[in-house]
Structures are given as structure tokens and as C-alpha cells.
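These notes are about the structure you will find just below.
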Amino acid sequence: MRKTLFRDVSILDSTGALPYRGDVLVDHDRIVAVGAADPGVADDARVIEGRGRTLMSGLCDAHTHFTWNNSGDLEGLGALPVEEHLLFAIESARSYLDSGYTMCLGAASAKDRLDVVCRDVINAGRFPGPRYLANGPEIAVTGGELVKGITWFADGPEEMRKAVRRLIEIGVDQIKLSMTGEEITGTQRAEDTYMSDEEVAAAVAEAHRRGKRVCAHARSAESVKMCVRHGVDIVYHASFTDEEGMDLLESAKDWIFVAPGVNWLVATLYEAADFGYPQEAAEAAGYKRELETATAAMIEMHRRGIRVLPGGDYGFAWTPHGTYARDLQHFVERFEFTPMEAILAATALGGEIMLRPDELGKVQPGYLADLLLVDGDPLADITVLQDKEKLHYIMKDGVFHKENPGTR
């Protein structure tokens with residue numbers, strides 16, 4: 001049986017409309033009716049009694065690291081043997097789906113082909129996981145490495161082109177540039193910019209020539225401007241965006257995405273003490289200032305209509321896998337998004353960043369049946385999406401990954 005009827009659900013369709021009661025019919029991997037289903041079409045469907053629970057699209061993490069291994073030792077990412085690392089990455093993929101995430105965009109892999117292998121085995125149905133766009137190791141210039149053992153190096157435009165070609169050869173969906181520092185390293189400031197205009201331009205041109213997008217670790221004001229000038233498609237962090245950079249992002253808002261990875265800042269500042277990085281050290285390194293600056297920047301980006309998406313850097317000890325929906329709470333509490341806007345950023349915009357806006361991220365006829373049945377109202381309490389016990393049903397491609405009839 002490949003028809004499923006969700007009967008009497010509160011439909012949060014990610015069009016921006018308020019939820020409404022109705023039915024949703026799935027036939028094989030597609031949604032075929034929303035609101036009311038023709039009895040003649042639905043009569044042989046399996047019926048899930050919604051009893052007013054919220055039916056919504058699966059979520060998107062726009063900055064995913066399957067290979068970040070929940071360690072407090074950053075150097076351990078490079079040292080973990082590849083066999084164990086692959087097993088951990090596959091488990092991470094399942095953790096995303098268990099958490100209601102049906103779309104993930106890879107933001108870097110700790111080893112050459114781990115992301116690519118995870119994507120391929122998920123697509124082949126061998127292991128459960130979200131729809132995934134795979135990345136490879138991030139590219140840095142000499143002196144710009146953030147974590148030892150997980151980076152490819154390229155200096156100058158020609159080496160950038162070669163690195164991009166090699167990554168495309170191993171099968172990645174997008175390329176990652178590491179353009180700026182990161183305070184936790186102790187030596188590389190977030191406002192440092194390591195790549196030149198010529199290097200970024202060469203990497204982007206080569207990737208785009210081969211039909212691949214480019215994302216960038218870009219915290220500094222100058223790096224954000226470089227991203228826009230040279231066509232970087234997805235900007236990660238963008239904490240120190242200045243007025244000129246904000247204007248550039250606004251002028252590019254039809255094609256560029258920003259994913260700030262805010263939970264990394266919050267957790268590193270307030271929740272890393274038990275793992276050897278106390279709040280005093282985080283403040284001294286500049287994380288409090290960066291969080292405050294990034295918060296103001298994201299509020300302004302949202303006001304200007306720049307596409308800001310949740311997700312980022314889950315998989316460290318203080319940002320563990322399985323806690324991904326914290327980003328949605330931060331969007332509401334820190335970035336002045338309404339709960340509806342936060343959900344739209346994680347669903348409808350997720351379909352856009354996954355390059356499938358006409359079939360992912362909404363509960364609409366013709367869309368792929370990637371659905372969550374939630375015991376609660378995320379518009380009244382966005383934190384309900386952090387409670388896996390409240391995710392009663394998780395469906396991907398019309399097939400249930402999780403089933404819990406609940407007691408309502």
C-alpha cells in the first residue's frame with residue numbers, strides 16, 4: 001500500500017498561510033491532495049488519524065556536517081580513522097532524519113569522500129537519512145587552516161582551480177572555501193580574511209563553469225563583500241557584515257543565501273565550559289562580541305529580505321548531533337523572526353537552497369511527501385520541534401521513517 005491519508009490534521013503548508021484543518025493524501029512519493037481528498041482516490045489509502053496534530057514539511061539544515069563527531073577535541077576530526085569516521089557519519093545522517101530533518105546541505109567533510117558516500121548510500125536506500133547535497137574538505141590558503149587534518153590547501157588562482165576540479169572529480173555537489181579565521185583556534189581571528197579576490201574569483205568561476213555552487217566560511221566584513229562580488233552562492237556566518245556588505249547582500253538577495261550557524265556562537269559562549277572552554281575564555285576570545293554583532297546583522301538582513309536559513313556546525317561536544325532545531329528557537333528569540341518566519345526559513349527556503357523549490361519544503365499538491373506529524377503547535381511554541389517525542393510521524397518520499405500513533 002503506497003497511499004496514505006492524513007485525516008483531520010492542522011495543515012501548516014509553508015506558503016505563509018495560517019494552519020487550517022483538513023486532510024492530506026499521499027500517493028507513493030508525492031502529495032496529491034491538500035485540504036480535502038476525493039473519496040474515490042483515497043478509499044484504498046492507509047489512514048492516519050491526525051486528531052488536530054500539526055502536519056508540516058520536513059525541515060532543512062543549511063550548514064550540515066555529518067562528519068563532525070561530537071568531540072570536544074577539534075584535532076580529533078582529522079585523527080579519527082576513516083572506517084570509524086564513516087560509521088559515525090552514517091549515524092549522524094540518521095540522527096538528522098530522526099530529528100525531522102529531511103533536507104541537509106553539506107558544509108564540509110572531514111575526509112575526502114565521506115559526504116559523497118553518505119549521500120550515495122542514502123539515495124540508494126541502504127541507510128536512512130535526509131536528502132543530501134554532499135561537500136568535500138574545505139579549501140584554505142596556507143596559514144588559513146582552522147582544524148588540522150581536514151583541509152585541502154590552494155594558493156593562488158591556478159591552485160584554486162585545480163582544487164575545485166579535484167573535488168568535482170570525487171563527486172561533490174558544492175565547494176567550500178574557508179576564507180576567515182575562527183576565535184576558538186586561539187590564533188586566527190574571526191575578522192581576519194585570508195583569501196584574495198583573485199583566489200575567490202578563480203574558485204567560483206571554475207565551480208560555476210562545472211555547474212557547482214560555492215559556499216564559504218566567511219565571518220569578516222571583507223569576506224562577505226568578496227563573496228557577493230565574486231558570486232559565492234551560500235555565505236556561512238557573516239557575523240561582521242558591515243553596511244557596505246549589507247547593501248551588497250541585499251542587491252544579491254535573489255540568488256544568495258546566508259546561514260549564520262548561530263547555535264555555534266551561543267553554545268560556545270555559554271555551554272562549552274564542561275568541555276574545557278569556559279565562558280570567560282570564550283568572552284576573552286571575542287565570542288560575546290561576535291554573538292551580539294551577528295545578532296544585529298541577522299536582524300537587519302531579515303528586515304531587508306535577505307534569505308537567512310537555520311543550521312550550522314552541529315556535531316561538536318557542546319553542539320551535539322540531534323539538537324538541530326535549537327536554531328529555530330534562536331531565530332525567534334534572537335533574530336526577531338516570528339515562529340512562522342522561522343519555519344518558512346527551515347522549510348520553503350530549504351527547498352530553495354536544495355535547488356528544488358517546486359517539490360521540497362511545502363505541503364502542496366505535487367510536492368514530494370517529506371512530512372512531519374507533530375504533537376503540538378510550532379507556531380505557539382517553536383521549541384516543540386526540539387522534542388523528538390513530539391514528532392509522532394516522520395515521512396520521507398512517502399515512506400514512514402517513524403510511526404507513533406500517540407494518545408491524542
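Reckoned from all heavy atoms, side chains included, excluding hydrogens, waters and symmetry mates. Note that the structure is a prediction, hence the values are computed from the model and not measured.
Donor-acceptor pairing under 3.5 Å is lacking for the side chains of H321 and E91. Counted by atom type alone, E199 and S196 present one or more donor-acceptor pairs between their side chains at under 3.5 Å. Between the side chains of D274 and W318, not a single donor N or O lies within less than 3.5 Å of an accepting N or O. Remark: the T319 side chain and the N263 side chain contain no N/O donor-acceptor pair separated by less than 3.5 Å. No side-chain donor from either of Y236 and D313 sits under 3.5 Å from a side-chain acceptor of the other. A donor atom on one side chain and an acceptor atom on the other are found under 3.5 Å apart for D98 and H401. Checking Y324 against T64 by side-chain atom types alone, no donor-acceptor pair falls below 3.5 Å. Side chain to side chain, H230 and D197 meet the donor-acceptor criterion of an N or O pair below 3.5 Å.
H217 contributes a side-chain N or O that, together with a main-chain N or O of G181, makes up a donor-acceptor pair within less than 3.5 Å. For the pair K402 (side chain) and K388 (backbone), a donor-acceptor distance under 3.5 Å is present. Between the side chain of R30 and the backbone N or O of P365, no donor-acceptor pair lies under 3.5 Å. A donor-acceptor contact shorter than 3.5 Å is absent between the side chain of T4 and the backbone of R46. Using a distance-only test at 3.5 Å, with no hydrogens or angles considered, a donor-acceptor pair links the side chain of Q174 to the main chain of G106. A donor-acceptor contact shorter than 3.5 Å links the side chain of R307 to the backbone of D254. Looking at D13, its side chain never comes within 3.5 Å of a backbone N or O of V363 through a donor-acceptor pair. Remark: the backbone N or O of A79 is not paired with any side-chain donor or acceptor of K148 at under 3.5 angstrom.
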| task | Step by step, work out the side chain to side chain contact (heavy atoms under 4.5 Å, CB included) result for V262 and R326. | result | CA-CA 9 Å; V262 61; R326 289 191 67 183; over 6 Å; no
| message | As a quick check of understanding, evaluate salt bridge (Lys or Arg N to Asp or Glu O under 4.0 Å) for E169 and R166, giving each step before the final call. | response | CA-CA 5 Å; E169 186 177 30; R166 288 174 57 212; over 6 Å; no
| query | Taking it one step at a time, do T180 and H237 satisfy side chain to side chain contact (heavy atoms under 4.5 Å, CB included)? | reply | CA-CA 10 Å; T180 69; H237 308 302; over 6 Å; no
| field | side chain to side chain contact (heavy atoms under 4.5 Å, CB included) between Y367 and V34, intermediate numbers included | value | CA-CA 11 Å; Y367 276 66; V34 177; over 6 Å; no
| request: Dump the intermediate steps for side chain to side chain contact (heavy atoms under 4.5 Å, CB included) on S239 and L265, then the final yes or no. | output: CA-CA 10 Å; S239 301; L265 295 177; 4.3 Å; yes
| message | Quick one, T347 with S57, criterion side-chain hydrogen bond (donor to acceptor under 3.5 Å, both in side chains). Give me CA distance, side-chain angles, the key distance, then yes/no. | response | CA-CA 6 Å; T347 55; S57 167; 5.3 Å; no
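Residue-environment remark: NZ (K212) exceeds the threshold of 12 foreign heavy atoms within 6.0 Å. Around NZ of K288, the count of heavy atoms belonging to other residues, nucleotides or ligands within 6.0 Å does not exceed 12. No more than 12 heavy atoms of other residues, nucleotides or ligands lie within 6.0 Å of CZ in R113, so this atom counts as exposed by the packing criterion.
The side chain to side chain contact (heavy atoms under 4.5 Å, CB included) with L86 is formed by just one residue from the set T67, V117, L80; it is V117.
Across all their heavy atoms, C227 and W255 have their closest contact at O-CH2, 4.5 Å. Between S14 and A348, the shortest heavy-atom distance links the atoms O-CB, 3.7 Å. I31 and K362 make their closest contact through CD1-O, 4.0 Å (heavy atoms, listed as atom of the first residue, atom of the second, distance). The minimum heavy-atom distance linking A93 with I122 is given by the pair CB-CD1, 3.8 Å. Taking both residues in full, the closest heavy atoms of A140 and T151 are given as CB-CG2, 3.6 Å, listed atom of the first, atom of the second, then distance. When all heavy atoms are compared, the tightest approach of R219 to E182 is NE-OE1, 2.7 Å.
We find that E159 and K162 are not joined by a salt bridge, their nearest charged nitrogen and carboxylate oxygen being 4.0 Å or further apart. Using a 4.0 Å cut-off between a side-chain N of Lys or Arg and a carboxylate O of Asp or Glu, R289 and E183 do not qualify as a salt bridge. The pair D397-R131 meets the salt-bridge criterion, since a charged nitrogen lies less than 4.0 angstrom from a carboxylate oxygen.
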Report all side-chain donor-acceptor pairs from residues 378-385 shorter than 3.5 Å, counting only partners two or more places apart or in another chain.
unit_1	atom_1	unit_2	atom_2	d
D381	OD1	T383	N	3.1
D381	OD1	T383	OG1	2.5
D381	OD2	T383	OG1	3.2

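Relative orientation of the F331 and F337 rings is tilted, given thresholds of 30° and 60° on the angle between their planes.
The side-chain heavy atoms of Y270 and Y287, taken from C-beta on, include no pair separated by under 4.5 Å. In this structure, E290 and E191 have side chains that are not in contact, with every pair of non-hydrogen atoms separated by 4.5 Å or more. Residues F6 and R53 fail the side-chain proximity criterion, which asks for heavy atoms closer than 4.5 Å. By the 4.5 Å heavy-atom criterion applied to side chains, T193 and M226 are counted as neighbours. The shortest distance between side-chain heavy atoms of R304 and M246 falls below 4.5 Å. For the pair R210/R165, a side-chain contact is recorded, criterion being any heavy-atom separation below 4.5 Å from C-beta on. Contact check for E84 versus N69: no side-chain heavy atoms found under the 4.5 Å cut-off. Residues V374 and L12 fail the side-chain proximity criterion, which asks for heavy atoms closer than 4.5 Å.
For F66 and Y96, the gap between ring centers is short of 6.0 Å.
Atom OG1 of residue T268 and atom CD1 of residue I184 lie 5.5 Å apart, to the nearest 0.5 angstrom. The distance from atom CG of L114 to atom CG of N135, rounded to the nearest 0.5 Å, is 12.0 Å. Taken from CG in D327 to CD in Q386, the straight-line distance is 9.5 Å, to the nearest 0.5 Å. Taking OH from Y101 and CG from L372, the interatomic distance works out to 9.5 Å, rounded to the nearest 0.5 Å. In this structure, I150 CD1 and H65 NE2 are separated by 8.0 Å, a value rounded to the nearest 0.5 Å. How far CG of D370 is from SG of C60: 11.0 Å, rounded to the nearest 0.5 Å.
E222 pairs by the side-chain hydrogen bond (donor to acceptor under 3.5 Å, both in side chains) definition with R229, not counting sequence neighbours. Not counting sequence neighbours, Q364 has no partner by the side-chain hydrogen bond (donor to acceptor under 3.5 Å, both in side chains) test.
Cation-pi geometry between R119 and Y132 is not satisfied (NZ or CZ under 6.0 Å from the ring centre, within 45° of the ring normal).
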